[in-house]
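Below you'll find the structure, written out as C-alpha coordinates, and then a few comments.
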Amino acid sequence: MLKGRTLFCLVFAAVLCGCGGTKTGEVSVPQEQETEQAEAGDVKEISGQDPAPVVVGTEPGSVLGEEEVVLMQEGETVTIPYNRVQGINDFTIAYDPETFTLETANNELCFYSHSYGADSETPVFVKITESEEESSETLADQYVADSNEECMVEEVTIGEGEYPAAWISYSEGTDSGSRTCDIYIFRYNERLYVAQMDCFVEAYESLGAIQESILSTLRFDEG
(Lines give C-alpha, C1' and ligand atoms only; values in the text may rest on other atoms or scores of the structure.)
Protein backbone atom coordinates (compact mmCIF):
# COMPACT_ATOMS: atom_id res chain seq x y z
CA MET A 1 0.00 0.00 0.00
CA LEU A 2 1.05 3.62 -0.48
CA LYS A 3 1.58 4.32 3.26
CA GLY A 4 -2.00 5.48 3.71
CA ARG A 5 -2.12 7.51 0.50
CA THR A 6 -4.61 6.85 -2.30
CA LEU A 7 -3.35 7.58 -5.80
CA PHE A 8 -5.79 7.68 -8.72
CA CYS A 9 -4.64 8.22 -12.29
CA LEU A 10 -6.09 7.96 -15.79
CA VAL A 11 -2.82 7.42 -17.62
CA PHE A 12 -1.16 4.22 -16.34
CA ALA A 13 -1.40 1.56 -13.61
CA ALA A 14 1.22 1.37 -10.90
CA VAL A 15 1.53 0.38 -7.28
CA LEU A 16 4.55 1.82 -5.54
CA CYS A 17 5.29 2.73 -1.95
CA GLY A 18 7.29 5.47 -0.37
CA CYS A 19 10.65 6.05 1.16
CA GLY A 20 11.35 3.77 4.07
CA GLY A 21 7.92 2.12 3.83
CA THR A 22 6.61 -1.21 2.62
CA LYS A 23 6.41 -1.64 -1.16
CA THR A 24 4.32 -4.13 -3.02
CA GLY A 25 6.52 -3.99 -6.11
CA GLU A 26 3.45 -4.74 -8.21
CA VAL A 27 2.77 -2.82 -11.38
CA SER A 28 0.01 -3.55 -13.83
CA VAL A 29 -1.10 -1.97 -17.10
CA PRO A 30 -4.77 -2.67 -17.88
CA GLN A 31 -6.23 -2.91 -21.36
CA GLU A 32 -7.72 0.36 -22.63
CA GLN A 33 -11.35 0.58 -21.66
CA GLU A 34 -14.04 3.07 -20.69
CA THR A 35 -12.88 5.19 -17.76
CA GLU A 36 -14.12 3.84 -14.46
CA GLN A 37 -13.14 4.41 -10.87
CA ALA A 38 -9.76 2.85 -10.13
CA GLU A 39 -8.90 1.10 -6.92
CA ALA A 40 -6.35 2.64 -4.57
CA GLY A 41 -2.96 2.93 -6.19
CA ASP A 42 -4.25 2.09 -9.69
CA VAL A 43 -3.55 4.24 -12.73
CA LYS A 44 -5.42 3.85 -15.98
CA GLU A 45 -4.81 5.01 -19.52
CA ILE A 46 -7.31 7.47 -20.97
CA SER A 47 -9.44 5.75 -23.57
CA GLY A 48 -8.37 6.77 -27.06
CA GLN A 49 -5.22 8.64 -25.99
CA ASP A 50 -2.13 7.73 -27.99
CA PRO A 51 1.11 7.52 -25.99
CA ALA A 52 3.73 10.15 -26.73
CA PRO A 53 6.44 8.61 -28.90
CA VAL A 54 10.16 8.67 -28.28
CA VAL A 55 11.55 11.17 -30.78
CA VAL A 56 15.00 10.24 -32.04
CA GLY A 57 17.42 13.15 -31.70
CA THR A 58 15.20 15.08 -29.29
CA GLU A 59 17.07 16.63 -26.37
CA PRO A 60 16.36 15.14 -22.92
CA GLY A 61 13.75 17.22 -21.13
CA SER A 62 11.99 18.33 -24.33
CA VAL A 63 8.20 18.43 -23.87
CA LEU A 64 6.43 15.90 -26.11
CA GLY A 65 2.85 16.47 -24.99
CA GLU A 66 0.45 16.85 -22.10
CA GLU A 67 -1.49 14.16 -20.23
CA GLU A 68 -4.30 14.65 -17.75
CA VAL A 69 -3.71 12.83 -14.48
CA VAL A 70 -6.22 12.43 -11.68
CA LEU A 71 -4.79 12.22 -8.16
CA MET A 72 -6.61 11.61 -4.90
CA GLN A 73 -5.73 14.48 -2.56
CA GLU A 74 -7.30 14.92 0.87
CA GLY A 75 -10.15 12.63 -0.05
CA GLU A 76 -10.96 14.35 -3.35
CA THR A 77 -9.96 13.63 -6.93
CA VAL A 78 -7.99 16.40 -8.61
CA THR A 79 -7.15 16.54 -12.33
CA ILE A 80 -3.60 17.70 -13.00
CA PRO A 81 -1.90 18.23 -16.39
CA TYR A 82 1.41 16.35 -16.59
CA ASN A 83 4.04 17.17 -19.20
CA ARG A 84 5.46 14.12 -20.97
CA VAL A 85 9.13 14.77 -21.73
CA GLN A 86 11.93 13.03 -23.56
CA GLY A 87 14.16 11.10 -21.19
CA ILE A 88 17.65 9.70 -21.56
CA ASN A 89 18.15 7.54 -24.64
CA ASP A 90 14.92 5.70 -25.42
CA PHE A 91 12.45 6.49 -22.64
CA THR A 92 9.91 9.21 -21.86
CA ILE A 93 8.48 10.25 -18.51
CA ALA A 94 5.82 12.70 -17.24
CA TYR A 95 5.61 15.13 -14.33
CA ASP A 96 3.59 18.01 -12.86
CA PRO A 97 5.36 21.28 -13.83
CA GLU A 98 3.37 23.19 -11.20
CA THR A 99 4.96 21.10 -8.43
CA PHE A 100 8.37 20.18 -9.84
CA THR A 101 11.06 21.90 -11.89
CA LEU A 102 12.95 19.79 -14.42
CA GLU A 103 16.71 20.17 -14.89
CA THR A 104 18.81 18.15 -17.34
CA ALA A 105 22.58 17.71 -17.58
CA ASN A 106 25.10 15.00 -18.46
CA ASN A 107 22.68 12.11 -19.05
CA GLU A 108 20.59 13.07 -16.02
CA LEU A 109 17.01 14.18 -15.47
CA CYS A 110 16.19 15.74 -12.10
CA PHE A 111 12.72 16.84 -10.97
CA TYR A 112 13.06 19.26 -8.04
CA SER A 113 10.15 20.14 -5.75
CA HIS A 114 9.25 23.83 -5.83
CA SER A 115 8.95 23.72 -2.02
CA TYR A 116 12.40 22.15 -1.49
CA GLY A 117 14.20 23.07 -4.71
CA ALA A 118 17.67 22.58 -6.11
CA ASP A 119 18.95 25.57 -4.13
CA SER A 120 17.71 24.11 -0.85
CA GLU A 121 20.29 22.64 1.51
CA THR A 122 18.28 19.40 1.43
CA PRO A 123 16.20 19.32 -1.79
CA VAL A 124 13.29 16.98 -2.50
CA PHE A 125 13.76 15.41 -5.92
CA VAL A 126 13.36 12.54 -8.35
CA LYS A 127 16.59 11.95 -10.28
CA ILE A 128 17.18 9.50 -13.13
CA THR A 129 20.68 8.84 -14.42
CA GLU A 130 22.43 6.36 -16.66
CA SER A 131 25.13 4.40 -14.83
CA GLU A 132 28.44 3.27 -16.29
CA GLU A 133 28.55 0.36 -13.85
CA GLU A 134 28.17 -2.98 -15.65
CA SER A 135 26.57 -4.93 -12.80
CA SER A 136 23.32 -3.90 -11.14
CA GLU A 137 24.19 -6.12 -8.16
CA THR A 138 27.51 -4.35 -7.64
CA LEU A 139 25.84 -0.96 -7.92
CA ALA A 140 23.15 -1.94 -5.40
CA ASP A 141 25.80 -3.12 -2.94
CA GLN A 142 27.60 0.20 -3.36
CA TYR A 143 24.48 2.23 -2.55
CA VAL A 144 23.77 0.12 0.53
CA ALA A 145 27.34 0.55 1.78
CA ASP A 146 27.39 4.30 1.08
CA SER A 147 24.11 4.91 2.92
CA ASN A 148 25.51 3.89 6.33
CA GLU A 149 21.91 3.05 7.22
CA GLU A 150 19.86 -0.10 7.65
CA CYS A 151 18.43 -0.65 4.18
CA MET A 152 15.50 -2.58 2.82
CA VAL A 153 16.41 -4.29 -0.47
CA GLU A 154 13.84 -5.96 -2.72
CA GLU A 155 13.19 -6.92 -6.32
CA VAL A 156 10.25 -4.91 -7.72
CA THR A 157 8.85 -3.67 -11.03
CA ILE A 158 8.41 -0.02 -11.99
CA GLY A 159 6.97 2.14 -14.75
CA GLU A 160 4.27 1.46 -17.30
CA GLY A 161 6.08 -1.52 -18.75
CA GLU A 162 6.63 -3.32 -15.43
CA TYR A 163 10.40 -3.03 -15.75
CA PRO A 164 12.29 -5.20 -13.22
CA ALA A 165 14.29 -3.17 -10.71
CA ALA A 166 16.33 -3.59 -7.55
CA TRP A 167 14.81 -1.32 -4.89
CA ILE A 168 16.85 0.05 -1.98
CA SER A 169 15.07 2.06 0.71
CA TYR A 170 16.27 3.69 3.92
CA SER A 171 15.55 6.55 6.29
CA GLU A 172 18.00 8.65 8.27
CA GLY A 173 15.61 8.89 11.22
CA THR A 174 11.98 8.79 12.32
CA ASP A 175 11.20 12.45 13.14
CA SER A 176 9.33 14.66 10.66
CA GLY A 177 12.50 16.33 9.40
CA SER A 178 14.34 13.09 8.69
CA ARG A 179 15.48 12.39 5.16
CA THR A 180 14.22 9.33 3.33
CA CYS A 181 15.59 7.78 0.16
CA ASP A 182 14.36 5.26 -2.42
CA ILE A 183 16.72 4.02 -5.12
CA TYR A 184 15.67 1.91 -8.10
CA ILE A 185 18.29 0.22 -10.29
CA PHE A 186 16.99 -1.14 -13.59
CA ARG A 187 18.30 -2.20 -17.00
CA TYR A 188 16.81 -1.74 -20.46
CA ASN A 189 18.46 -2.54 -23.80
CA GLU A 190 21.76 -3.21 -22.05
CA ARG A 191 21.76 0.24 -20.46
CA LEU A 192 21.77 0.52 -16.67
CA TYR A 193 19.74 3.28 -15.01
CA VAL A 194 19.30 4.59 -11.47
CA ALA A 195 16.20 6.42 -10.25
CA GLN A 196 16.54 8.10 -6.84
CA MET A 197 13.76 9.75 -4.82
CA ASP A 198 14.68 11.86 -1.79
CA CYS A 199 12.03 13.30 0.50
CA PHE A 200 11.20 14.17 4.12
CA VAL A 201 8.95 12.28 6.50
CA GLU A 202 6.92 15.47 6.99
CA ALA A 203 6.42 15.96 3.24
CA TYR A 204 5.75 12.38 2.33
CA GLU A 205 1.97 12.38 2.54
CA SER A 206 1.80 15.12 -0.10
CA LEU A 207 4.98 15.21 -2.19
CA GLY A 208 5.78 11.52 -1.84
CA ALA A 209 2.70 10.44 -3.78
CA ILE A 210 3.53 12.86 -6.58
CA GLN A 211 7.14 11.64 -6.69
CA GLU A 212 5.88 8.10 -7.07
CA SER A 213 3.48 9.14 -9.82
CA ILE A 214 6.43 10.54 -11.80
CA LEU A 215 8.31 7.27 -11.66
CA SER A 216 5.21 5.27 -12.55
CA THR A 217 4.96 7.16 -15.89
CA LEU A 218 8.32 5.77 -17.07
CA ARG A 219 7.85 4.40 -20.59
CA PHE A 220 10.51 2.91 -22.88
CA ASP A 221 10.13 2.78 -26.63
CA GLU A 222 9.41 -0.89 -27.22
CA GLY A 223 8.53 -0.51 -30.88
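Fair warning: this is a prediction, and the values are worked out from it, not measured in the lab.
Under the side chain to side chain contact (heavy atoms under 4.5 Å, CB included) criterion, A140 pairs with I168, I185, sequence neighbours left out. With sequence neighbours excluded, the residues forming a ring-ring contact (aromatic ring centres under 6.0 Å, His included) with F200 are Y116, listed by chain and number. Every residue meeting the side chain to side chain donor-acceptor pair (under 3.5 Å) condition with S178, not counting sequence neighbours, appears here in chain and number order: D175. In terms of the ring-ring contact (aromatic ring centres under 6.0 Å, His included) criterion, residue partners of Y193 (sequence neighbours excluded) are, by chain and number, F91, F186, F220. Partners of Y112 by ring-ring contact (aromatic ring centres under 6.0 Å, His included), not counting sequence neighbours: none found. Take T122 and apply the side chain to side chain donor-acceptor pair (under 3.5 Å) test, not counting sequence neighbours, and it matches no residue. In this structure Y143 satisfies the ring-ring contact (aromatic ring centres under 6.0 Å, His included) test with no other residue, sequence neighbours excluded. In this structure, the side chain to side chain contact (heavy atoms under 4.5 Å, CB included) partners of P60, at least two apart in sequence or on a different chain, are L109. Applying the side chain to side chain contact (heavy atoms under 4.5 Å, CB included) test to S115 and every residue at least two apart in sequence or in another chain returns S113. Not counting sequence neighbours, the partners of N189 by the side chain to side chain donor-acceptor pair (under 3.5 Å) test are D90. Among residues two or more places apart in sequence or in another chain, the side chain to side chain contact (heavy atoms under 4.5 Å, CB included) test is passed with N107 by I88, E130.
Between the side chain of Q211 and the main chain of D198, a donor-acceptor pair closer than 3.5 Å is present. One N or O on the side chain of T217 and one on the backbone of A94 form a donor-acceptor pair closer than 3.5 Å. No donor-acceptor pair under 3.5 Å is formed between the side chain of R187 and the backbone N or O of A165. Between the side chain of Q196 and the backbone N or O of D182 there is no donor-acceptor pair closer than 3.5 Å.
Under the side-chain hydrogen bond (donor to acceptor under 3.5 Å, both in side chains) test applied with H114, the options T99, T101, D96 reduce to a single match, T101.
Hydrophobic side-chain contacts under 4.5 Å tie V201 to no other Ile, Leu, Val, Met, Phe, Trp or Tyr residue.
Defined by atom type and a distance below 3.5 Å, a donor-acceptor pair is missing between the side-chain atoms of Y95 and S213. Of the N and O atoms on the side chains of E137 and S135, at least one donor lies less than 3.5 Å from an acceptor on the other residue.
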